[in-house]
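Here the structure is laid out as structure tokens; the discussion comes afterwards.
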Amino acid sequence: MSLPLGFTGAWLDRADQLRTDAERFAAAAADPRARCLVLDGIDFVPGDGGGLSWEALDPADDRALMLLGIDDDAIPHFVREASLGARIDARSRTVMRLLPLLSGAEAALYGGARSLVDWHARHRFCAVCGLPTDLFRGGWGRRCGSCSAEHFPRVDPVVIMLAECDGRVLVGRQGGFPPGFFSALAGFVEPGESLEEAVARELWEEAGIRVSDVRYVASQPWPFPSSLMIGCRAVAKDPALTLDTTEIEAAMWVDKAEVRAALAGDMGAPFLAPPSLAIARHLLEDWAA
Ligand SMILES: [Zn+2]
């Protein structure tokens with residue numbers, strides 16, 4: 001991997017020991033050095049220098065605090081739950097155009113905070129009994145005061161993979177992609193299947209190819225809203241494609257020279273490569289290296 005994976009490398013110690021100790025959590029919140037991440041809904045607000053914005057904890061703000069972690073100087077970093085009625089569209093990617101303003105480590109910290117704040121905003125009520133729930137564990141869970149059920153922020157595993165056949169790999173595009181843009185195929189892991197089985201099923205469903213030798217490559221969070229992208233490779237015996245056009249608008253096999261041209265942004269490349277925040281780009285770089 002030539003570059004760090006997107007949304008990884010946050011610098012804070014998550015400090016689970018503070019989440020579960022009410023006294024120490026209160027002390028962290030009372031620390032005059034404590035900082036709170038400034039969000040607009042779940043989007044970050046760029047600071048003057050272009051990075052994330054932080055502010056002192058406002059004691060008049062009664063929104064619940066979530067502990068993001070502590071830095072090397074033990075300074076606590078928090079984020080607050082979203083206001084009731086705040087405009088939140090977890091699948092909106094308008095924030096994507098602002099992400100280049102952040103360092104990789106800031107994007108990682110923001111991505112986690114975004115997923116967490118978004119999850120709380122969509123899970124105010126108990127999935128068991130339907131009554132309101134409250135934050136606990138320093139903001140890393142919700143507990144129902146009525147039936148005592150505990151609920152934890154979800155992470156949705158998604159397999160994203162390059163099938164390889166005779167020196168070429170398969171890239172595809174969905175209808176909503178920008179013109180010329182192709183990426184690795186991907187899909188959610190379903191209950192009852194391994195990662196290897198999910199890779200094989202998705203490639204069969206979307207492209208009509210049978211694969212074997214599924215191998216894990218790398219993973220990264222994708223906070224839209226809370227996916228964990230699990231990058232894999234697999235080997236296809238037969239390159240004949242049968243596309244599920246409800247999922248995939250087009251797909252093609254590309255060789256290393258074509259992938260390198262796309263990664264370099266060459267005018268003559270057969271497709272536009274995914275951006276560096278996307279693990280698909282790293283899968284292509286890793287394969288073409
Ligand atoms: Zn309940």
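Order of listing sets the numbers, starting from 1, for every ligand and every atom in it.
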> Under 3.5 Å, is there a donor-acceptor pair between the side chain of Ser194 and the main chain of Glu197?
Replying inline: yes

> Ignoring hydrogens and geometry, is there a side-chain-to-backbone donor-acceptor pair from Arg173 to Phe177 under 3.5 Å?
Replying inline: yes

>> Given a threshold of 2.8 Å, state how many protein N/O/S atoms are nearer than that to the Zn ion (ligand 1).
In response: 4

>> Using 0.5 Å steps for rounding, measure from the CG atom of Asp89 to the CD1 atom of Ile42.
In response: 7.5 Å

> What distance do Leu12 atom CG and Ile70 atom CD1 have between them, rounded to the nearest 0.5 Å?
Replying inline: 8.5 Å

> Any side-chain heavy atom of Leu228 within less than 4.5 Å of one from Ser219?
Replying inline: yes

> Under a 4.5 Å cut-off applied to non-hydrogen side-chain atoms, are Met252 and Leu241 in contact?
Replying inline: no

